[in-house]
Structures are given as structure tokens and as C-alpha cells.
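Here, residue 1 is the first one in the sequence, and each next residue gets the next number.
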Amino acid sequence: MGIERLPARVPPVAAAPAGSADADAAAGRALRVQMLATEHWSLLATRSLSWNEAFARAGMFLSLLSGAVVALALVAQATSFGEGFVLFALLTLPVVLFVGVTTYVRLLEINNEDAVWVRGMNRLRGAYREIDPGIEPYFVTGVTEDAVGIFKTYGATEEELQKADWFHGFVTTPATIGFVNSMVAAVVAAIVVMQLSMAMVSAAAVGVVAFFVTAAALGYYGFRTQTMARLSFEAPRSVQAASRQDDSEA
């Protein structure tokens with residue numbers, strides 16, 4: 001019966017006596033890491049559910065829009081763009097626009113929620129670093145709750161954060177849905193004007209104006225709602241700083 005031996009260069013680890021201070025401290029650290037890891041996985045799962053909802057809502061709206069366009073094409077072919085087509089369009093497109101606006105609003109809410117989950121995960125990484133300072137070089141995401149740490153988790157560098165990159169706002173999912181909503185609003189406005197004045201030029205002009213007005217309104221609303229996430233980045237108060245201040249006040 002063979003006897004297993006430790007490698008010559010690896011000294012055996014002496015276990016701390018049960019009930020000693022070192023054993024209690026090690027058990028406390030292990031329990032703390034376990035609780036932090038559980039909360040981390042909870043935030044990851046919640047963030048995953050949020051983004052799944054975002055993709056589902058956007059896909060549902062685009063599918064509804066595609067179905068409405070196909071239905072309008074069939075009705076136009078059957079009625080030769082007559083009064084039946086106009087009536088069907090005025091009954092269908094406002095519903096599509098309503099679903100699009102609610103989808104846009106929900107996507108903005110999900111962005112705000114996602115900033116909260118990311119900030120929470122950064123706070124937990126800060127706790128990991130506090131427990132084991134040597135682990136920080138292995139983190140590729142942020143460990144602080146300020147703007148630099150939050151956007152590092154999103155993949156942005158500090159140099160990119162300092163740049164006023166307005167173009168990025170136009171390539172996000174809410175912006176894409178907002179532009180589609182503006183197009184639907186422009187079509188509805190043009191159809192209404194054609195029914196009132198029967199002038200193609202006037203309808204086209206009103207449609208262009210409706211597009212830009214709707215896009216501006218949605219953009220302003222999006223800018224206002226995203227201040228929730230931006231305010232959380234300004235002058236963050238970390239858990240460690242708050243605890244130190246409370247201890248000093250005590």
C-alpha cells in the first residue's frame with residue numbers, strides 16, 4: 001500500500017488550531033467571499049434578464065412593424081391605394097407607433113437599471129480587492145464606482161471617457177428604435193395631410209417636420225431620463241469611504 005508524499009518543494013501547511021484567532025479570521029473571510037460571490041452572481045443574472053428583455057422588446061416591435069408593412073402592402077394592392085387603404089393605415093400605424101414609443105421608454109429604463117447592476121458589481125470587486133489586494137491586476141473591469149470605473153466595465157477606456165463622443169448616442173438600441181418611431185410618426189402625419197389637402201408636396205413637408213419633431217422629443221426625453229445614471233457617477237461615495245467617515249464621526 002503506497003504512501004502519498006508532498007512534493008519536496010511544497011512544505012506542508014499547518015492547520016490553525018480550532019477556535020484560534022487565525023482560524024476564526026480565515027473562516028470569516030471565506031464566509032464573506034461566499035456572500036459576495038453569491039451577490040455577484042445575482043447581479044449577473046439580473047443584468048442578463050434585463051438585456052434579454054431589451055432584445056425581446058426591440059424584436060417584438062420590429063416584427064410588429066414588419067407585419068404592419070406587409071399588411072399595408074396587401075391592402076394597397078387590393079384597394080389600389082383607395083379609401084380602404086387610408087383607413088387601414090390610420091388604424092394600424094398609430095398602434096405600431098404606440099408600441100414603439102413604449103419600447104423606447106422601456107429600453108431607456110433598462111439602460112438605467114443596467115448602470116445600477118454594473119455599479120453594484122464594481123462595488124463587489126472593490127470588496128474582493130479589499131480582502132485580497134494582490135488580485136486587482138487580474139481584473140479587466142472596473143473596481144470603483146466613479147465614471148471611470150463604470151465605463152471601464154462597459155469596455156471604454158479613460159481616454160474615450162474624456163472625449164465628447166456624441167456619435168455613440170446614435171448607434172445605441174434606444175436611438176435606433178427612436179428613429180424608427182420618428183419614421184412611423186412621419187408617415188402617419190403625411191397620410192393625414194394628404195386626406196385633408198390632397199397635396200403631395202404639403203404631405204411630404206409635414207412628414208419631414210413630424211420626423212424631426214418626434215426625433216427631437218424622444219431624444220430630449222432620453223437625455224433627461226439618462227441623468228439618473230449620470231448622477232450616480234458624480235461624486236460617488238464608496239462603501240469604504242462611508243464606513244471610515246461613520247467611524248470618525250462616532
Side-chain angles (χ1 to χ4, degrees), residues 28-64 98-133 135-158 160-161 165 168-181 218-219 221-243 246:
R29 285 196 299 269
L31 180 60
R32 187 181 182 188
V33 170
Q34 182 179 2
M35 291 187 295
L36 292 174
T38 301
E39 177 65 13
H40 203 150
W41 280 108
S42 176
L43 292 177
L44 285 173
T46 305
R47 190 184 184 197
S48 177
L49 290 175
S50 298
W51 280 106
N52 286 338
E53 180 188 356
F55 296 143
R57 291 291 295 268
M60 179 184 68
F61 166 63
L62 295 177
S63 298
L64 177 63
F98 172 78
V99 175
V101 172
T102 56
T103 300
Y104 175 79
V105 172
R106 181 55 189 150
L107 290 177
L108 294 176
E109 293 177 351
I110 290 175
N111 280 348
N112 283 331
E113 294 171 4
D114 188 67
V116 176
W117 313 144
V118 170
R119 184 177 182 180
M121 288 187 286
N122 280 20
R123 180 179 298 181
L124 294 177
R125 294 190 194 95
Y128 296 148
R129 179 184 60 180
E130 181 182 301
I131 296 173
D132 185 5
I135 201 175
E136 184 175 2
Y138 299 98
F139 289 138
V140 297
T141 50
V143 296
T144 58
E145 299 177 47
D146 56 357
V148 175
I150 297 294
F151 283 99
K152 184 179 179 181
T153 302
Y154 283 117
T157 62
E158 186 173 358
E160 294 173 344
L161 181 61
D165 189 7
H168 177 72
F170 293 97
V171 299
T172 59
T173 303
T176 302
I177 299 299
F179 282 121
V180 175
N181 288 332
L218 294 176
Y221 178 80
F223 177 81
R224 289 293 301 272
T225 56
Q226 294 305 294
T227 55
M228 294 173 55
R230 287 198 303 273
L231 288 176
S232 65
F233 300 154
E234 298 176 1
R237 187 184 184 192
S238 64
V239 177
Q240 295 84 358
S243 62
D246 295 338

Contact between [X] and [Y] at the side-chain level, heavy atoms closer than 4.5 Å - yes or no?
X    : Y    : answer
I131 : L36  : yes
T103 : V99  : yes
T102 : R57  : yes
L108 : P174 : yes
Y154 : D114 : yes

To the nearest 0.5 angstrom, please state how far the [atom1] atom of [X] sits from the [atom2] atom of [Y].
X    : Y    : atom1 : atom2 : result
N52  : R47  : CG    : CZ    : 12.0 Å
R29  : L31  : CZ    : CG    : 12.0 Å
F151 : N122 : CZ    : CG    : 11.5 Å
F98  : N181 : CZ    : CG    : 11.5 Å

Taking 4.0 angstrom as the limit, do E130 and R32 come out as a salt bridge?
->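 Result for this pair is yes, salt bridge flagged.
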Under 3.5 Å: donor-acceptor pair, side chain of [X], backbone of [Y]:
X    : Y    : value
T153 : G142 : yes
R119 : I150 : no
Y104 : L218 : yes

Take R106 and I110 through the side-chain contact (heavy atoms from CB on, under 4.5 Å) test and state the conclusion after the steps.
-> CA-CA 6 Å; R106 181 55 189 150; I110 290 175; 3.8 Å; yes
Kindly determine whether F179 and F170 satisfy side-chain contact (heavy atoms from CB on, under 4.5 Å), including the steps that lead there.
-> CA-CA 9 Å; F179 282 121; F170 293 97; 3.7 Å; yes
Determine all donor-acceptor pairs shorter than 3.5 Å in which one atom belongs to a side chain in residues 37-45; sequence neighbours excluded.
residue : atom : partner : partner atom : Å
T38     : OG1  : Q34     : O            : 2.9
H40     : ND1  : Y128    : OH           : 3.4

